[in-house]
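See structure below.
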Amino acid sequence: MAKLVIVESPAKARTIGGYLGSDYVVESSIGHIRDLPNNAADTPAKIKDKPWGRLAVDVDNGFEPYYVVPRDKKSHIAKLKKLVKDADALYLATDEDREGEAIAWHLLDELKPPKGLPVHRMVFHEITKPAILAAVENPREINDDLVEAQEARRILDRLYGYEVSPVLWKKVMSGLSAGRVQSVATRLVVDRERERMKFRVASYWDLDATFDAGTGHDPRMFPAKLYSIDDVRVARGADFDNTGELVSTGSTGAKRRVHLSRADAEALASGLGDTTYDVRSVESKPYRRSPYAPFRTTTLQQEASRKLGMSASVTMSVAQRLYENGFITYMRTDSTTLSDAAVGAARDQVRELYGAEYLPDSPRTYASKVKNAQEAHEAIRPAGDTFRTPAQTGLSGEQFRLYELIWMRTVASQMKDAVGNSVTIRIGGAAADGRDVVFSASGRTITFHGFLKAYVEDIDDASKRRDDAETRLPNLTQGAAVSAATLSPEGHETKPPSRYTEATLIKELEDREIGRPSTYASIIGTILNRGYVYKKGTALVPAWLAFSVVRLLEEHFPRQVSYEFTASMEDVLDEIAGGRKDRATELGEFYYGSGDVVGLKTLVTDLGEIDAKEMATFPIGDGIDLRVGRYGPYVEGPGPDGGDASPVRANVPDDLPPDELTVAKAKELLANPAGEEQVVGNHPDTGLQIVAKNGRFGPYVTEVLPDDAPKSAKPRTGSLFKSMTLDTVTLEQAVKLLDLPRIVGTDEDGTEITAQNGRYGPYLKKGTDSRSLTSEDQIFDITLDQAKAIYAQPKQRGRGAATPPLKELGNDPVSGQPVIVKAGRFGEYVTDGEYNATLRKDDTVESITLERAAELLAERRERGPAKKAAKKGAKKAPAKKAAAKKTAAKKAPAKKTAKKA
DNA sequence: CAGTGAGCGAGCTTCCGCTTGACTT
């Protein structure tokens, strides 16, 4: 018998197992072990038909969640259950944060330890032997309120995601998604692009000078910039706003600026030819910089991006390998705290590598800057009580470089401040026209590098200087004479705000308390996968689709998509965790509303208010709109002759960033609306050019009518066969396609039979009687005799009837009818003649058994007969959601039992 | 965004946060 300890991570289990010895068995949960069902396939049949089944949250009954053990966790749970049976005590040692507390409760509820088995909650914040031993000695109970807070978080995210996403499916495009985190992330990227689109460049000029403070033999040159004219500051980039205007053009006061044009700057330069200069002021300030805090997830992702060019996801997977192999501590953390052992190890290395003069008298500590930090772990640092230098690890490649980064940052965090001086010198003189002109030079010298010797953070913004950048200025005193060696007018332009990169977006999200260390990298993945955002180099560019989605959310779900939403949710969760607020009440307010707050349910029910077309239309200017269509973005504007001619449309290339779609660019696109058409050749008979292009119904060929063709003339068109592509279609094929329908021949009674392609594929037509063909090639090949043979058969109703079964499985145990597998319009399905059930994701024709088929049919049967009656004109007769048959509200799944004690 | 005639099995997409392998080539 041993004591069973369950932590979250297998690597952690190994380490802790070593500390605890043979009286303990240490296992891991491998993250969450239960969750709301992910999709329909994982939703148990007994809740599927409930009105709230899709959510798996009983919104009518205290928002009770319905949890399942995901398929891939089942065997692991079985293993843990077995271990519990053999244990004489159970320690739930999951992380000490909201999610960890919930995992502990789920474990307890799912493993169902036998009565009498001592169960403890054990917590620690660092994986060091003393910390673990202390944790075992000081267990506590599960904090029910904290679990409630986690469930509130989980349920809110489910309601948000699974209620708002379907709105997007209906109004924008199928398969899209919305969520508390991803929608705000997308909005940030869109908002930044909007700023760039509004941005108007300002140009301004100044003078660059090189002064000499020395003599002819001993020049001491230094650079300076024009600062003021007659005591009025010269405008710089920061003095302009995004519209290109000076922020303040007041005639007096500190904000007054003079905006120099090129002519102004050149005139000024030529008026300074004979000027003598003297030093007006010298201002020296001490420079002091403290080391950066040790890495947490976001800062590691940022620096790995800047210094090593790694994406967030690459950084995390490299770090994961370092962690699993015992090189670093846990990499998903929001804490910058180092254990005492780590501080000691870092200080030892400082002394060894840099000497005692770089070591502060007492250890440095770093308070968390992250507001909602849960601090379940240490900072990311080299593992162990003594640090291995990168060379000692034997690592190579990305792992080596990332380890080195983490190691340097950790060591540097225990070093002394860098100190030095920053100096500003003002130099003045009189121009020929009598104006008083002042230049400014700034310098920085570092007298003691301290931590900068080990580690300097890189910068994103090119206009900023690295912390170790130095500019030396000569030692000057007020009144000293200097001469101008060079003087040149320089033009500058203001720059639009830069786009987010992965790293800067993650930083922004963290600053706004949105997302968690374990999700930052995947948030980026989500908005990329949905097509909301794409990468151009390292920049994240929003697609027009994102503009459409974000606008819909802003106008119809303003509260949910506000930047403050998560922060206020966190406040509420804190109240729930403190036992001061109630989960169901808060969720009720979110879902059903209260007072001034309109609930989510109301918002998603009143869909009529949402004008999908309006949401997808963005005016560009000059009467041109950008529209987000099902096939991508396109521009729509008045035709070349303007007026009331029908509008012209043109596709917008997928990789054209929204801020580059100017009116001029839109007009350019509209001038050539053909888009990506391919010239196939000229028709041998008509001489007209034939082009192939993509249309609403897929690729097709069409002929180009001459400009003088009458307005009523319509070009012939023809869809490409599935076997053809735009790039490879030949002239011969194109001609045949344009000549369709092909006349196959004439029936006995004199009716013409034609062959052509249609909405449902290839078919024959004789008067009003049509018959489907099995392949497109038959349109060209079929003979009159074959066609007659088809018409000799009775008309087949539906395709299914025409296709032979793919497999016969035997008789259904319920209906006794033979069960066969067929291929249908919606994919493969099984049928017993009366009921049809589509195969699920995991089923294949090869693998399906009679048992599985019977299961699917039984499920199908439960939902009642297909709406057979519906015939013509009954296109929409949605069987009224059998609302009457509400089985007496079943009590929510057994839960929380474990928590009462 | 080209305009082309039927009739007929729906079912699924999606959230955020915790964690690793198991898959394929």
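We name chains A, B, ... by the order of the sequence lines, and we start the count at 1 in each one.
For the pair A:Asn529 CG and B:dC15 P, the interatomic distance rounds to 10 Å; values are reported in whole Å. Remark: P of B:dC16 and CZ of A:Arg154 are 9 Å apart, rounded to the nearest angstrom. The nearest whole Å value for the distance from the CD atom in A:Gln756 to the P atom in B:dA6 is 11 Å. Atom CG of A:Asn38 and atom C1' of B:dT14 are 9 Å apart (whole Å). When rounded to the nearest whole Å, the span between OH of A:Tyr162 and C1' of B:dG17 equals 13 Å. Taking atom CG of residue A:Leu55 and atom P of nucleotide B:dC16, one finds them 15 Å apart after rounding to whole Å. Summarising the geometry, the separation between CG on A:Leu553 and P on B:dT14 is reported as 17 Å, rounded to the nearest angstrom. A:Ile527 has its CD1 atom 15 Å from the C1' atom of B:dC15, to the nearest Å.
If you check every strand for non-hydrogen atoms under 4.0 Å, A:Gly629 touches nothing. Using a 4.0 Å heavy-atom criterion, one finds that A:Arg530 contacts the sugar-phosphate atoms exclusively. Among the atoms of the strands shown, none is found under 4.0 Å from any heavy atom of A:Arg98. Across all strands, A:Tyr763 comes closer than 4.0 Å to base atoms (heavy-atom distances). Within 4.0 Å of A:Tyr634, counting heavy atoms only, lies no atom of the nucleic acid at all. Contacts of A:Pro715 with the nucleic acid, taken as non-hydrogen atoms under 4.0 Å apart, are absent. Using a 4.0 Å heavy-atom distance criterion, A:Ala178 is classed as a sugar-phosphate-only contact.
Under the 4.0 Å criterion applied to side-chain N and carboxylate O atoms, A:Asp95 and A:Lys12 are assigned as salt-bridge partners. In summary, A:Glu151 and A:Arg583 engage in a salt bridge, as defined by a charged side-chain N under 4.0 Å from a carboxylate O. Ion pairing between A:Arg296 and A:Glu375 fails under the 4.0 Å rule for side-chain N and carboxylate O. A salt bridge is absent between A:Glu110 and A:Lys73: the closest approach of a Lys/Arg side-chain nitrogen to an acidic carboxylate oxygen does not fall below 4.0 angstrom.
Evaluation of atom-type donor-acceptor distances gives a pair under 3.5 Å for the side chain of A:Ser174 against the base of B:dT13. Counting atom types as modelled, A:Arg158 pairs a side-chain N or O with a base atom of B:dC15 as donor and acceptor under 3.5 Å.
In this structure, A:Arg158 forms a cation-pi arrangement with A:Tyr162, its terminal cationic atom sitting closer than 6.0 Å to the ring centre and no more than 45° off the ring axis. Judged by a 6.0 Å distance limit and a 45° cone about the ring axis, A:Arg34 is positioned over the six-membered ring of A:Trp105.
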Which nucleotides of nucleotides 18-25 of chain B have their base under 4.0 Å from a protein heavy atom (B), which only their sugar-phosphate (S), and which neither (-), written as one string 5' to 3'? BBS-----
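Smallest separation of non-hydrogen atoms from A:Lys79 and A:Glu27: NZ-OE2, 3.2 Å. Pairing each heavy atom of A:Thr702 with each of A:Leu738, the nearest pair is CA-CD2, 4.1 Å.
A distance of 9.5 Å separates CG in A:Leu107 from CZ in A:Arg121, rounded to the nearest 0.5 Å. For the atom pair A:Thr94 OG1 and A:Glu8 CD, the distance stands at 5.5 Å (nearest 0.5 Å).
In this structure, A:Trp169 forms no aromatic stack with the base of B:dT14, since the conditions of centre separation below 5.5 Å and plane angle below 30° are not both met. Residue A:Tyr829 and nucleotide B:dA10 are not classified as a stacked aromatic pair, given the requirement of ring centres less than 5.5 Å apart at an interplanar angle below 30°.
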When Watson-Crick pairs (N1 to N3 and N6-O4 or O6-N4) and G-U wobble pairs (N1-O2 and O6-N3) count only below 3.5 Å on both distances, what is the dot-bracket string of DNA chain B, with | for other-strand pairs? .........................
Using the rule given for salt bridge (charged side-chain N to carboxylate O under 4.0 Å, His left out), can you reason through A:Arg153 versus A:Glu99, listing the C-alpha separation, both sets of side-chain angles and the distance that settles it, and then say yes or no? CA-CA 10 Å; A:Arg153 198 280 306 154; A:Glu99 299 295 326; 2.9 Å; yes
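Residue A:Arg153 has no polar side-chain atom (N or O) positioned under 4.0 Å from OP1 or OP2 of B:dC15. Taking 4.0 angstrom as the limit, A:Ser177 places a side-chain polar atom (N or O) nearer than this to OP1 or OP2 of B:dC15. Within the 4.0 Å cut-off from OP1 or OP2 of B:dC16, at least one side-chain nitrogen or oxygen of A:Gln182 is found.
Out of B:dT4, B:dC1, B:dT14, the shortest distance to the side chain of A:Asn39 is found at B:dT14.
Mapping A:Asp157 and A:Leu773 onto DNA chain B by nearest heavy atom places A:Leu773 at the nucleotide closer to the 5' end.
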